[in-house]
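See structure below.
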Protein chains: 2
Amino acid sequence: MAKKKRTERVERDTTKPLARMVEVAEGIHSDICRSKKPHMSFPIRSLSNVRYDAKGGTFKIMGKSSRRDFSYTTVKTFAQSLRMLAVSKAVVEDDDIINKREAYYRSKSWGEAAFKEQPESDTVMDDLEAMLGFNREQIGFIPDDHGGSVAGRLVVIDLDPSTGEEIEIDCTRFGTGAYSVPPQVEHLGFETSAKFILVVETTAMFQRLVKHAFWDTANCILIAMGGVPTRACRRFIRRLADAQDMKVYVFTDGDPYGYANIYRTLKVGSGNAAHLNEFFCVPQCHFIGVTPQDIIDYKLPTQPLKDIDVKRAKDALKNDPFFKHHKPWQKAIQQMIKMGVRVEQQAFAAHSLNYVVDTYLPEKLRSPKLFLP
Amino acid sequence: MAKKKRTERVERDTTKPLARMVEVAEGIHSDICRSKKPHMSFPIRSLSNVRYDAKGGTFKIMGKSSRRDFSYTTVKTFAQSLRMLAVSKAVVEDDDIINKREAYYRSKSWGEAAFKEQPESDTVMDDLEAMLGFNREQIGFIPDDHGGSVAGRLVVIDLDPSTGEEIEIDCTRFGTGAYSVPPQVEHLGFETSAKFILVVETTAMFQRLVKHAFWDTANCILIAMGGVPTRACRRFIRRLADAQDMKVYVFTDGDPYGYANIYRTLKVGSGNAAHLNEFFCVPQCHFIGVTPQDIIDYKLPTQPLKDIDVKRAKDALKNDPFFKHHKPWQKAIQQMIKMGVRVEQQAFAAHSLNYVVDTYLPEKLRSPKLFLP
């Protein structure tokens, strides 16, 4: 077995986010003191302000930004943004956490500036994140999502919330259960001797791999996304892959949603959160399957493509900088459109329940040249 | 601290489900041999075939059953049911697992009897479960759900899937993460010195309680349902509460969905799965909040009830045997309708972020007479 490599736990560094918050507030304060109209500026968050950086393997945000000037119509949003900045500063200073819904309720004491509906507070939070240039989790905001399940050759190093002592969480010791990734993962350390990370789309497939201890035979770390990966799940995989210099293999359904939504988002990020991709994308990803060619090679039962699948596939070919860059992906998607079918991870069960464990995954792992980029 | 109590792990007993499967198959076989038309019978699964057993504290299925005779129109479903029975028998014998989607694909080799769409195979699976009188997990079928997250004073005893040795999973040792409940929980053992189980609706509230080690100060086990609890989550709580003779306190949003869907389902079960309630309900449950009276006592910010909320509330009062039995619940729901508002778990954040940890939960836990039944 390979030697274990250890990445120590990171003390949360709040200096930079706090300094940046003070800087933003002081800028506004000094504008006001000099009788200048204050303003805030945010990078534009859309696919049009994104380019694919082939070398780094991620979407990069381009320079376009929008500007909110203080005026009669923006006074409320302006006040809300500053209030939210203050809340965020307190949360970071107290080493506490706050979710979107709690942030909404914190505003109830703000009088005129109180949020009427949650979408209002969500937007202000998104603005704040983009303006500060830190991801939400670094400024204390946490999502209400489940961060994914983990099993296999990995020790996670965390702090005990009650005693503050360092603890080691051995992900080989969960039996049929799993380690549930916390919403904040910036501070975690890792120790592993695994060869790679295998990320799977469905919880059911994860359970099959856990039940048959695939992490043991393949010497890997298993992670279940449960559909499109949450921010915590993406950041966890990224930090782990960076810290341990590991390859990440991704196994989803063979359909345009699995390719263009789940895999693409995990690997290079997404357009409308372009300001976050540097934290959340996982450029170490390779796509193991299910590919359109697998349908032929493994004689898999399929489902017909729906109109929405075809639309999504054509859209990926035409508009998505990631797929436009990668020839093998273009071929695969064109092949799928031509075949007119999609395929699920569970389709291997047509051969035998554990065909995926005994045959498909071991064969694919021996032929990395069949992976898609 | 209380003394630790240990419930040993249970070896999975496959004798009874297997015997029952053989019995059903032999019944059909012997009908055929005697040139009698074979039939299958199933208990009717709806609220109309359910009564509330106040003593046991659960919904009980009544005697009504439906019968499927073998005929020209039922021949396909009949064949599918028998095929599915055979698949289930093989899965149980191999100590393996199978999910709905895999079961659908297993049928692809059944020729004429292959399932066209998944709803077909789901129905056959539901029928089988009801006909055999075992829950799906006992006959090898597992859901594709996340089974809930656990943290606190609990050691779960499971088997290592690779070595088969017994392992202990200490839920105080997960830092900011959690233990993710597996889809099958029948075999788990438990050890705990906790005083009670606190089940919360949202993952975000769970995270706040974990972050502030509420399980340590309150000496309890924390479980996050993430909305309406999955089967695995319900069964896990039930087995734990039974094995350790523990009270279960439930903390949801204060709205008709939290009361009539989440809490009612967790405590007494549901109508359309009445044949399963004996396994999945948790009669040890008490409702800690958020109650309509809490809105007044804690001056909480609210949201107006929507039409669908009012409809759900009135429906609960009129048609639900559980609410019809419990006066305090009738009063609470009538009070909510009268006030015209609902309240969320996160609303306590209006006072301060950790008001729920420092004030609300400790106060409520000291006044069990304020709990709803």
Side-chain angles (χ1 to χ4, degrees), chain A residues 91 94 96-106 108-109 142-147 149 156-162 167-169 172-184 187-188 202-204 207-208 210-213 215-217 226 301 344-350 353-354, chain B residues 91 94 96-106 108-109 142-147 149 156-162 167-169 172-184 187-188 202-204 207-208 210-213 215-217 226 301 344-350 353-354:
Chain A
V91 167
D94 295 348
D96 208 337
I97 48 178
I98 184 169
N99 72 50
K100 286 186 164 189
R101 206 64 195 151
E102 290 170 332
Y104 164 80
Y105 282 110
R106 288 303 295 140
K108 290 297 168 192
S109 58
I142 59 153
D144 190 15
D145 293 325
H146 174 241
S149 301
V156 177
I157 305 153
D158 196 353
L159 286 188
D160 184 319
S162 54
I167 52 176
E168 300 197 347
I169 302 155
T172 65
R173 308 286 296 172
F174 281 97
T176 51
Y179 169 67
S180 184
V181 176
Q184 271 183 326
H187 60 291
L188 301 177
T202 63
T203 307
Q207 286 301 341
R208 175 158 305 284
V210 168
K211 173 92 185 174
H212 296 279
W215 53 262
D216 191 31
T217 46
E344 293 173 344
Q345 294 193 294
Q346 275 69 35
F348 296 98
L353 265 186
N354 288 305
Chain B
V91 167
D94 295 347
D96 208 337
I97 48 177
I98 185 169
N99 72 50
K100 286 187 164 187
R101 206 62 196 152
E102 290 170 332
Y104 164 81
Y105 282 110
R106 288 303 295 139
K108 290 295 168 192
S109 58
I142 60 152
D144 189 14
D145 292 325
H146 175 241
S149 302
V156 177
I157 305 154
D158 196 354
L159 287 187
D160 184 320
S162 54
I167 52 175
E168 300 196 346
I169 302 156
T172 63
R173 308 287 296 172
F174 290 128
T176 52
Y179 168 67
S180 183
V181 176
Q184 271 182 327
H187 61 292
L188 301 177
T202 62
T203 306
Q207 286 301 339
R208 175 159 304 285
V210 167
K211 173 91 186 178
H212 296 279
W215 52 262
D216 191 32
T217 46
E344 293 173 344
Q345 295 192 292
Q346 275 70 35
F348 296 98
L353 264 187
N354 288 306

Who wins among A:G226, A:P183, A:S109, A:S149 for the most heavy-atom pairs under 4.5 Å with chain B? A:P183
Side chain, backbone, both or neither of [X] within contact of chain A (heavy atoms, under 4.5 Å):
X	value
B:T217	neither
B:K211	both
B:F348	neither
B:Q345	neither
B:V156	neither
B:N354	side chain
B:D216	side chain

Testing the basics here: between [X] and [Y], what is the closest heavy-atom pair and its distance to 0.1 Å?
X	Y	answer
B:S180	A:S180	CB-CB, 4.0 Å
A:E344	B:Y105	OE1-OH, 2.9 Å
A:D96	B:H212	OD1-NE2, 2.9 Å
B:R106	A:A349	NH1-O, 2.6 Å
A:R208	B:I98	NH2-CA, 3.7 Å
B:Q207	A:P182	NE2-CA, 4.4 Å

Would B:T176 and A:Q184 count as a side-chain contact (heavy atoms from CB on, under 4.5 Å) here? Give the steps. CA-CA 8 Å; B:T176 52; A:Q184 271 183 326; over 6 Å; no
For A:F174, give me all partners under ring-ring contact (aromatic ring centres under 6.0 Å, His included), at least two apart in sequence or on another chain. B:F174
Which bit of A:I97 is near chain B, if near means a heavy-atom gap under 4.5 Å: side chain, backbone, both or neither? both
Can you sort out the partners of A:S162 under side-chain hydrogen bond (donor to acceptor under 3.5 Å, both in side chains), two or more places apart, ordered by chain and number? A:D160
Rounded to the nearest 0.5 Å, what separation is found between the CG atom of A:D94 and the CG atom of B:L353? 8.5 Å
